[in-house]
Amino acid sequence: MKKKEFLQIAKELNEKLNIVPLLFGSLGLEQRLDVSLNAKDIDVLIPEEFLNEKWQYIVDVMNNNGYTLYDLHEHAFEKDGLSFAFASIESLTPFANIDISNIPIITEEGIRYFLLELQDYLKVYTASSKDGYRKNIKNKQDQHKIDLINKAIRK
């Protein structure tokens with residue numbers, strides 16, 4: 001269901017705003033690993049300008065799909081208990097040293113979106129594990145993901 005929701009929003013971002021979003025977080029990693037990680041939400045990275053001066057366009061797309069903004073600071077929406085949050089794709093470079101120009105584009109059902117390679121997911125979760133909140137709250141989950149990524153890379 002979460003993947004279907006992502007694809008619906010991604011389709012509208014493609015068609016209405018010419019945005020190719022990045023499927024991020026556990027849901028993106030699930031797809032890359034082809035294993036269920038029980039993703040609790042949908043995390044998507046988009047160009048920073050759409051989090052600032054063009055934010056209303058995102059709000060309109062989400063509202064038209066039945067989502068309600070519940071946390072402006074986190075750019076997070078909710079529908080039927082499902083959280084869908086946006087962040088800046090440009091933040092990947094300073095945060096995890098990822099060259100965003102090299103992220104592969106996936107085309108699924110005619111919908112285009114970015115999906116990190118396993119090596120980039122490893123950079124993200126390694127950087128996240130050093131963050132104070134994640135280190136204290138999500139450390140075991142992050143370490144489990146790092147272990148899964150390393151195992152998949154070795155194959």
Side-chain angles (χ1 to χ4, degrees), residues 1-15 17-48 50-51 58 61-62 65-67 70-71 73-155:
M1 177 187 140
K2 290 176 194 77
K3 176 74 180 291
K4 185 178 176 185
E5 282 292 318
F6 166 74
L7 288 173
Q8 174 60 37
I9 298 298
K11 179 179 181 183
E12 292 202 29
L13 294 175
N14 286 181
E15 293 173 355
L17 303 176
N18 199 29
I19 294 173
V20 177
L22 186 147
L23 178 57
F24 197 57
S26 295
L27 190 59
L29 183 57
E30 279 184 5
Q31 179 166 337
R32 188 51 82 193
L33 289 171
D34 194 28
V35 52
S36 175
L37 298 171
N38 298 312
K40 306 257 187 279
D41 53 17
I42 302 171
D43 296 307
V44 175
L45 303 185
I46 58 175
E48 191 159 333
F50 285 94
L51 299 174
I58 301 299
V61 165
M62 297 306 286
N65 281 277
Y67 285 85
Y70 74 89
D71 188 333
H73 178 72
E74 295 293 327
H75 302 100
F77 296 81
E78 187 273 335
K79 177 173 90 172
D80 300 330
L82 177 63
S83 176
F84 199 121
F86 294 92
S88 162
I89 193 168
E90 291 90 346
S91 68
L92 280 176
T93 303
F95 178 69
N97 195 30
I98 293 172
D99 181 355
I100 61 175
S101 67
N102 287 330
I103 301 170
I105 293 179
I106 305 294
T107 302
E108 188 174 334
E109 301 174 24
I111 302 161
R112 300 173 67 225
Y113 61 95
F114 292 109
L115 187 65
L116 295 176
E117 297 284 6
L118 286 175
Q119 292 82 359
D120 288 334
Y121 268 111
L122 183 59
K123 289 179 183 179
V124 166
Y125 281 104
T126 300
S128 293
S129 69
K130 296 173 184 166
D131 175 72
Y133 165 78
R134 291 195 68 94
K135 188 173 186 177
N136 294 326
I137 306 298
K138 304 254 187 186
N139 192 40
K140 288 182 180 163
Q141 293 173 2
D142 284 351
Q143 189 57 53
H144 175 67
K145 291 171 186 168
I146 290 169
D147 293 344
L148 286 172
I149 295 166
N150 279 324
K151 184 178 177 184
I153 290 172
R154 284 193 300 270
K155 282 187 178 179

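- A donor atom on one side chain and an acceptor atom on the other are found under 3.5 Å apart for Y113 and E108.
- With sequence neighbours excluded, no residue forms a side-chain hydrogen bond (donor to acceptor under 3.5 Å, both in side chains) with E74.
- For the pair I58/I19, a side-chain contact is recorded, criterion being any heavy-atom separation below 4.5 Å from C-beta on.
- Between Q143 and D147 the shortest side-chain heavy-atom distance falls below 4.5 Å.
- Taking the six-membered ring wherever Trp is involved, the centroid distance between the rings of F24 and F114 does not fall below 6.0 Å.
- For K151, the side-chain hydrogen bond (donor to acceptor under 3.5 Å, both in side chains) criterion is met by no residue, not counting sequence neighbours.
- Separating the CG atom in L51 from the CZ atom in F86 is a distance of 8.5 Å, to the nearest 0.5 Å.
- Of all the heavy atoms in A152 and L118, the pair that sits closest is CB-CD1, 3.7 Å.
- Atom NE2 in H75 sits 12.5 Å away from atom CE in M62 (nearest 0.5 Å).
- A donor-acceptor contact shorter than 3.5 Å links the side chain of K2 to the backbone of A39.
- Here the side chains of I149 and L29 are in contact, with some heavy-atom distance below 4.5 Å.
- Side chains of S83 and Y70: a donor on one and an acceptor on the other come within 3.5 Å.
- Between D120 and L92 there is no side-chain heavy-atom pair separated by less than 4.5 Å.
- No side-chain donor-acceptor contact under 3.5 Å links D43 to the backbone of S26.
- The distance from atom CZ of F6 to atom CD1 of I111, rounded to the nearest 0.5 Å, is 8.5 Å.
- Within 6.0 Å of NZ in K123 there are more than 12 heavy atoms belonging to other residues, nucleotides or ligands.
- At a threshold of 4.5 Å between non-hydrogen side-chain atoms, the residues I100 and L45 do not count as touching.
- In terms of heavy atoms, I46 sits closest to P21 at CG2-CB, 4.2 Å.
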Quick one, F84 with V44, criterion side-chain contact (heavy atoms from CB on, under 4.5 Å). Give me CA distance, side-chain angles, the key distance, then yes/no. CA-CA 8 Å; F84 199 121; V44 175; 3.4 Å; yes
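- Atom CG in L116 sits 8.0 Å away from atom CZ in R32 (nearest 0.5 Å).
- N102 and D99 share a donor-acceptor pair across their side chains, judged by distance under 3.5 Å alone.
- If you run side-chain hydrogen bond (donor to acceptor under 3.5 Å, both in side chains) between Y67 and each of E78, K79, E5, only E5 comes through.
- For the pair I146 and T126, the minimum side-chain heavy-atom distance is below 4.5 Å.
- A side-chain donor-acceptor contact under 3.5 Å links N14 to the backbone of A10.
- Within the 3.5 Å criterion, the main-chain N or O of V35 finds no donor-acceptor partner in the side chain of E30.
- Note: K145 NZ to L37 CG = 6.0 Å, rounded to the nearest 0.5 Å.
- Shown here is R112, whose CZ atom has no more than 12 heavy atoms of other residues, nucleotides or ligands within 6.0 Å.
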L148 and H144: CA distance, side-chain angles, deciding distance, side-chain contact (heavy atoms from CB on, under 4.5 Å) verdict: CA-CA 6 Å; L148 286 172; H144 175 67; 3.3 Å; yes
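- Summarising the geometry of L23 relative to G28, their closest heavy-atom pair is CG-CA, 3.6 Å, with the distance given to 0.1 Å.
- Once rounded to the nearest 0.5 Å, the distance linking CD of E15 with CG of L13 reads 10.0 Å.
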Go through the steps to decide whether V61 and N65 satisfy the test side-chain contact (heavy atoms from CB on, under 4.5 Å), and finish with yes or no. CA-CA 6 Å; V61 165; N65 281 277; 4.0 Å; yes
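- Looking at heavy atoms from C-beta onward, P104 lies in side-chain contact with E117 at the 4.5 angstrom threshold.
- Between L115 and I105, the closest side-chain pair of non-hydrogen atoms is not below 4.5 Å.
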